[in-house]
Amino acid sequence: MVSAEINIEIAYALPQKQTLLSLAVAVETTVEEAIRQSGVLDMHPEIDFDKVNKVGIWSRACKLSSPLKEGDRIEIYRALIADPKEVRKRRAAKAKEEGRADKVTGGRVNARRASETAADT
């Protein structure tokens, strides 16, 4: 008896190299099983699901135990190099220091209000 298969893709991207694999897997295959069957772990031995890498299906985070459907694209995500919140805080602080942001609100400097304040002094 031949089991039914579904077609999926596995994507993993590094800054200098992207890997996109297409394969057919059994209907009841999980994300982890498909990744192991694809051979992407042999191509990229740095992938480590225990500590660093997370996975998703079509940009939505999922578990390795999630079942697959026809046409799913499994994405293996790299760890973030910098915390986006910290980067934003540093950028906002720099803008305030350089006078590109209002020191009170953090928003853009109101040119009219800035000129009124300068005239008052």
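All figures in this text were calculated on a predicted structure; none of them were measured in a lab. The analysis underlying the following values was restricted to heavy atoms, covering all of them including side chains, and did not include hydrogens, waters or symmetry mates. The first residue in the sequence is number 1, and the count goes up from there.
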- Those residues at least two apart in sequence (or on a different chain) that pass salt bridge (charged side-chain N to carboxylate O under 4.0 Å, His left out) with K54 are none

- Message: Rounded at 0.5 Å granularity, tell me how far CG in L23 sits from OG in S38.
- Response: 6.0 Å

- Task: Hey, could you give me the CD/CG distance between E28 and L68, rounded to the nearest 0.5 Å?
- Result: 11.0 Å

- Message: Please determine whether residues L20 and L14 belong to a single hydrophobic cluster, defined as Ile, Leu, Val, Met, Phe, Trp and Tyr linked transitively by side-chain heavy-atom distances below 4.5 Å.
- Response: no

- Item | Non-hydrogen atoms of A34 and V25 that approach each other most closely | CB-CG1, 4.4 Å

- Message: How long is the straight-line distance from OG of S22 back to CD1 of I10, given to the nearest 0.5 Å?
- Response: 9.5 Å

- Message: Between I35 and I47, is there a side-chain heavy-atom distance shorter than 4.5 Å?
- Response: no

- Task: Would you check if P67 and T29 make a side-chain contact, meaning some heavy-atom pair closer than 4.5 Å?
- Result: no

- Query: So, do F49 and V31 sit near enough that their side-chain heavy atoms are less than 4.5 Å apart?
  - Reply: no

- Task: Indicate yes or no: at least one non-hydrogen side-chain atom of L21 is less than 4.5 angstrom from one of Y12.
- Result: no

Please tabulate, one pair per line, all N/O donor-acceptor pairs under 3.5 Å involving side-chain atoms of residues 69-81, not counting sequence neighbours.
| from | atom 1 | to | atom 2 | distance (Å) |
| --- | --- | --- | --- | --- |
| E70 | OE1 | N7 | N | 3.0 |
| D72 | OD2 | K69 | N | 2.8 |
| R73 | NE | E75 | OE2 | 2.8 |
| R73 | NH2 | E75 | OE2 | 2.2 |
| E75 | OE1 | S59 | N | 2.8 |
| E75 | OE1 | Y77 | OH | 2.7 |
| R78 | NE | A13 | O | 2.7 |

- Derivation and outcome, salt bridge (Lys or Arg N to Asp or Glu O under 4.0 Å), residues E33 and R36: CA-CA 5 Å; E33 292 167 345; R36 294 197 187 287; over 6 Å; no

- Scanning both residues in full, the closest heavy-atom pair of V27 with E5 reads CG2-N, 4.1 Å

- Are H44 and K17 close enough, and set up right, to give a side-chain contact (heavy atoms from CB on, under 4.5 Å), and what steps lead you there? CA-CA 11 Å; H44 299 282; K17 180 183 180 183; 4.3 Å; yes

- How far apart are the closest heavy atoms of T30 and S65, and which atoms are they? CG2-O, 3.6 Å

